[in-house]
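Some notes on the structure that comes next.
By convention in this document, chain letters (A, B, ...) are assigned in the order of the sequence lines, proteins followed by strands, and residues within each chain are numbered from 1.
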There are 2 protein chains.
Amino acid sequence: MSGQVKTGQKRATVVDVARLAGVSPGTVSNALSGKRRVDEETRARIDSAVRELGYVPNMAARGMRTGRANTIALFSSMATAVAAGPSKLGFLMEIAGSAALTALSRNVALVLVPPIRDPEAALRNVPFDGALLVEPTRDDPFLALLAARDVPTVAIGEAHGAVSAHVDLNYAQTADLLIDHLLNVGSRNFPLLIGTGARRYYEVFEARYRQRAAQVGMTPAVLRIDEAEGEAGAARSVARHLAAHPETDGLLVPLDAQATGAMEALRQAGLSVPGEVRVATRYDGLRARAETPALTAVDLQLDTVAATATNALLDLVEGMECRAHFASPLPRLVVRGSTEG
Amino acid sequence: MSGQVKTGQKRATVVDVARLAGVSPGTVSNALSGKRRVDEETRARIDSAVRELGYVPNMAARGMRTGRANTIALFSSMATAVAAGPSKLGFLMEIAGSAALTALSRNVALVLVPPIRDPEAALRNVPFDGALLVEPTRDDPFLALLAARDVPTVAIGEAHGAVSAHVDLNYAQTADLLIDHLLNVGSRNFPLLIGTGARRYYEVFEARYRQRAAQVGMTPAVLRIDEAEGEAGAARSVARHLAAHPETDGLLVPLDAQATGAMEALRQAGLSVPGEVRVATRYDGLRARAETPALTAVDLQLDTVAATATNALLDLVEGMECRAHFASPLPRLVVRGSTEG
DNA sequence: GGGTGCAGTTAAAACGTTTTAATGGTCACA
DNA sequence: TGTGACCATTAAAACGTTTTAACTGCACCC
């Protein structure tokens, strides 16, 4: 009997509980939320009524009253996510797992909003009190929509637009790590491949690359490839570059989808990796590890990053003050077969 | 001006829109939802009022009235997920991505409930109108909780308990695929490693393994390892088996975390893979691909499986009739270095 | 005895939407 | 002219909480 609810029966409400316990609904609410003192004996009566009726609070009603959804949303910038396909999803999912765990430890659920054609529809149908935005582009459609909704937003990775806060992804250090590594293993002629989108980390990578190239006397070559062309686009671009520059002995390809494309081009050209050409990429995900040889990459410690971002967002949602900028653990180089023989 | 909302300003409601458009709130609701006919001219007035005020419907209020949260939850059986760590998360995340996409295409968001200590608290604070349950164990704590809440539940993988429906993960075919493959590449003495938990797919794997072993005259050996001991437990168990059975020339290890543990044991024993011992696992995820040599595994087509499950669940939520059992695309063997030289 | 303060409780309002039943108007048909 | 059907609209109720302000007793203090 007790605790059981028959199928189809209407769920018990706070008034049912109140009636059974012989108190008013307000007292039940106070007893359950603990917001006000309730007599010990009354509380006991309420508790047993709750158990007997199998009462579960109606979240929608609570949300309407309190104005909170107990939910945060994780968005990924549409364009790239689609373009980079599974790789970007890996990146996103790694963040999602950690963010969900952190959020739930604070009694908030994470809703996952994958890249989708119509961001506006997604926003409209999903209740949430805060948003996590993964590496937004300069003109990210979500930025405007979230701003219009006046909802706290935390970006993962440096953001151009107006966000409440952002967690650093250490673009500069990551770039330096990879560039210095390529130099250390002896590469002296390696181009940088980046996408054409307005991503902050492209800008940073390019800046560091050019600076370092100038220092060591390397002629810089920056190949820009539309992200939407995926692996194939990168392969074509690299093939062209190899033909024009046979002295090439390395490739710096931050976007992993483009990195595997580049590997394909190298195979076609009959060049050995890492013997003749060394290759390094940024995100140490499935693509990087599944390539043969596996690609040297960087451990961005996304779980820590996501936890930091989530906690910051929840602080904001709860109305606490919060810094506008959070540092991340320093990225660590993960050396693999593609740069060491 | 239009479409702009100043920060801190209270959000416009349907009443504000109604007043501005000179109609009643009910008409606004009808115009927006399209549930009833509304004169073309009034609809236009309402639309422009909506734009001017930057009106966004309050989901909580709508949810309270309609009884729908526009949300489904994805749960993963607690014990295993924790035990198998990142590998299980990979599995879960692959499903999550596809489920989220499918759900969103039907205007429903996916909330991600990662393995957590207190499942009951998770359930209480998260509003959802349906649940997706990944490979529940026989006594899965979520099963009871979801049943008590009387919420439609769809399991991914055969389920023991009471769920509204389940989508097959083709345990038998998967087992056959792997067993036959090991036999085909010449293995004649390979034990089966499985966990101790009450998972349906352990039972099926064991049954098929014993049957096939009897057919080909192989002495069956089933090693059961507590999932909670992870890689190390599997490594110890395999080391022991190898010492007692030097004739071992293969390993069938469905759980990928245990498979990588087994690989470690083989390395320690100085046995070459695939030369002396062939290894096969089930889930073709990061662990399988990142191992050296990469592990032969099975493509379970989780994206299709997740999409099927999600659509079934949403049908149930919308009150449609729905089959209790869905087939999945047949699993395909992915042959890798661990079984072919 | 009249005020003050406190602790526990309550009645009623409020949150913002959807839905129901009722309303007035127009049109076609007898 | 009356009758019914239909259409667009509306007023009001309903959803299930939380919160506010009021209200009890009751003890304590001048």
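A sub-4.0 Å separation between OP1 or OP2 of D:dT9 and a side-chain N or O of B:T42 is present.
A:R19 places its CZ atom 13 Å from the P atom of C:dA11, with the value rounded to the nearest Å. D:dT9 atom C1' lies 10 Å from atom CD1 of B:I46, rounded to whole Å. In this entry the distance linking CZ of B:R37 with P of D:dT10 reads 16 Å, nearest Å.
A salt bridge between B:R106 and B:D315 is present, with a side-chain N of the basic residue lying under 4.0 Å from a carboxylate O of the acidic one.
Axis deviation across the helix from C:dG1-D:dC30 to C:dA30-D:dT1 amounts to 60°, comparing end segments of five pairs, rounded to 10 degrees.
Ring geometry, B:F142 versus B:F75: the interplanar angle falls from 30° to 60°, so the pair is classed tilted.
B:I95 places none of its side-chain heavy atoms less than 4.5 Å from the side chain of B:V305. Within the 4.5 Å cutoff, the side chain of B:P152 has heavy atoms near those of the B:L313 side chain.
To the nearest 0.5 Å, atoms CG (A:D39) and CZ (A:R45) are separated by 8.5 Å.
Of all the heavy atoms in B:A103 and B:T310, the pair that sits closest is N-CG2, 3.8 Å.
Judged by distance alone, the side chain of A:D129 and the main-chain N or O of A:A69 form a donor-acceptor pair under 3.5 Å. Under a 3.5 Å cut-off, the side chain of A:S76 and the backbone N or O of A:L74 do not form any donor-acceptor pair.
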- Item | Where protein sits on nucleotides 11-19 of chain D, one letter per nucleotide: B base, S sugar-phosphate only, - none, heavy atoms under 4.0 Å | --BBBBBBB
